[in-house]
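Worksheet: the structure to be examined is printed underneath.
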Amino acid sequence: MILPRAFYARPTLEVARDLLGKVLVHETAAGRASGMIVETEAYIGEDDPACHAAPGPTPRNAPLYGPPGFAYVYFNYGMHYLVNAVTEPEGAPAAVLIRALAPLEGVASMRRRRVRGTGRRAADLDVHEICRGPGNLTRALGIGLGQNRADLTHGALVVEDRGTTPGRVAWGPRIGIRAGVDRPWRAWIAGHPAVSGPAAMRGV
DNA sequence: CGTTCGATGCACT
DNA sequence: GTGCATCGAACGT
């Protein structure tokens, strides 16, 4: 079952927690690619210095101010696309960053996309490495700016509930930010091997 | 295990 | 011009 818009129109920390165990699915010309979400981060409002809404509305962050249940995809560090799910009622700028997946469908295609253009060989990738990290998972699933503003409740990029209940959920500081490190708004499935970050940030 | 550092493009000041 | 919601290779311990 595809998650309905009401799922996203809630407090962002609840959505970040409840997305764990759900399945991100991207239908492409090469077929279906999907994975279970095992790590998320919440970015909440103009008062959150790490949120893209911190400077107020701009052309880039416009999706954050729009209705919930849509994708916010942006380009970072000159080479990576990051995908978020917009949350809260429309007008409240917030989103959940998807940081890692446990690969489910289309694993062979995901491996190929992951190593394309690099010197690495697909066979050298451990299954848990394929979608570990926000830049890695978008690459594996073929997600780019074409998916910005995609409706996550209908179409080629959706999030499904397949009845999987995650194990214990752990919380800690968000990764890769300068300001806002005091807010423990990163959630992950404790002990899951596909979770990103250094060992010290994968613990319980 | 840990830290450092280059690649790479764009939004924003 | 500055600073990224990153990654992986290279190197030190």
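Worth knowing before you read on, the calculation uses all heavy atoms, side chains too, and leaves out hydrogens, waters and symmetry mates. In what follows, chains carry the letters A, B, and so on, assigned in the order in which the sequence lines appear, proteins first and then strands, with residues in each chain numbered from 1. Computed from a prediction, not measured in an experiment: that's the story for all the values here.
Glu41(A) and Arg99(A) are joined by a salt bridge, as a carboxylate oxygen and a charged side-chain nitrogen come within less than 4.0 angstrom of each other. A salt bridge links Asp48(A) with Arg174(A): at least one charged nitrogen is closer than 4.0 Å to a carboxylate oxygen. Residues Arg186(A) and Glu39(A) are paired through a salt bridge, judged by an N-O separation under 4.0 Å between the basic side chain and the carboxylate. Ion pairing between a basic and an acidic side chain is recognised when a charged N comes within 4.0 Å of a carboxylate O; Arg132(A) and Asp126(A) show no such pairing. Remark: Arg120(A) engages Glu129(A) in a salt bridge, criterion side-chain N to carboxylate O under 4.0 Å.
Hydrophobic clustering keeps Val15(A) apart from Leu64(A) (ILVMFWY residues linked when any side-chain heavy atoms are closer than 4.5 Å, directly or through intermediates).
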Let me have a per-nucleotide readout for nucleotides 3-13 of chain B, 5' to 3', with B, S or -, counting only protein heavy atoms under 4.0 Å.
-> ----BBB-SS-
The contact string for nucleotides 8-13 of chain C, one letter per nucleotide 5' to 3', using protein heavy atoms under 4.0 Å with B, S and - for base, sugar-phosphate only and none, comes out as SS----
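In DNA chain B, runs of at least 3 consecutive Watson-Crick or G-U pairs, each pair with both distances below 3.5 Å, span B:1-7 with C:6-12, B:9-12 with C:1-4.
In this structure Arg32(A) satisfies the salt bridge (charged side-chain N to carboxylate O under 4.0 Å, His left out) test together with Glu27(A), Glu105(A), sequence neighbours excluded. The ring pair (Phe, Tyr, Trp, His ring centres under 6.0 Å) check on Tyr65(A) picks up nothing, with sequence neighbours excluded.
Both tests hold for Arg10(A) against Phe7(A): distance to the six-membered ring centre under 6.0 Å, angle to the ring axis within 45°.
Near DNA chain B, meaning a heavy atom under 4.0 Å from it, residues 176-202 of chain A has no residue at all.
Summarising the geometry, the separation between CG on Asn84(A) and P on dT6(C) is reported as 11 Å, rounded to the nearest angstrom. Rounding to whole angstrom units, CD1 of residue Ile44(A) and C1' of dA5(C) are separated by 14 Å. The CG-P distance, from Leu82(A) to dA5(C), rounds to 9 Å in whole Å.
Taking the six-membered ring wherever Trp is involved, the centroid distance between the rings of Tyr74(A) and His52(A) falls below 6.0 Å.
In summary, of the residues considered (Asn76(A), Leu145(A), Leu141(A)), a side-chain contact (heavy atoms from CB on, under 4.5 Å) with Tyr81(A) occurs for Leu145(A) alone. Only one option out of Ile2(A), Leu3(A), Val23(A) pairs with Asp161(A) in a side-chain contact (heavy atoms from CB on, under 4.5 Å); it is Leu3(A).
No donor-acceptor pair closer than 3.5 Å links the side chain of Ser196(A) to the backbone N or O of Gly133(A).
Comparing the C1' positions of dG8(C) and dC10(B) gives an interatomic distance of 22 Å, to the nearest angstrom.
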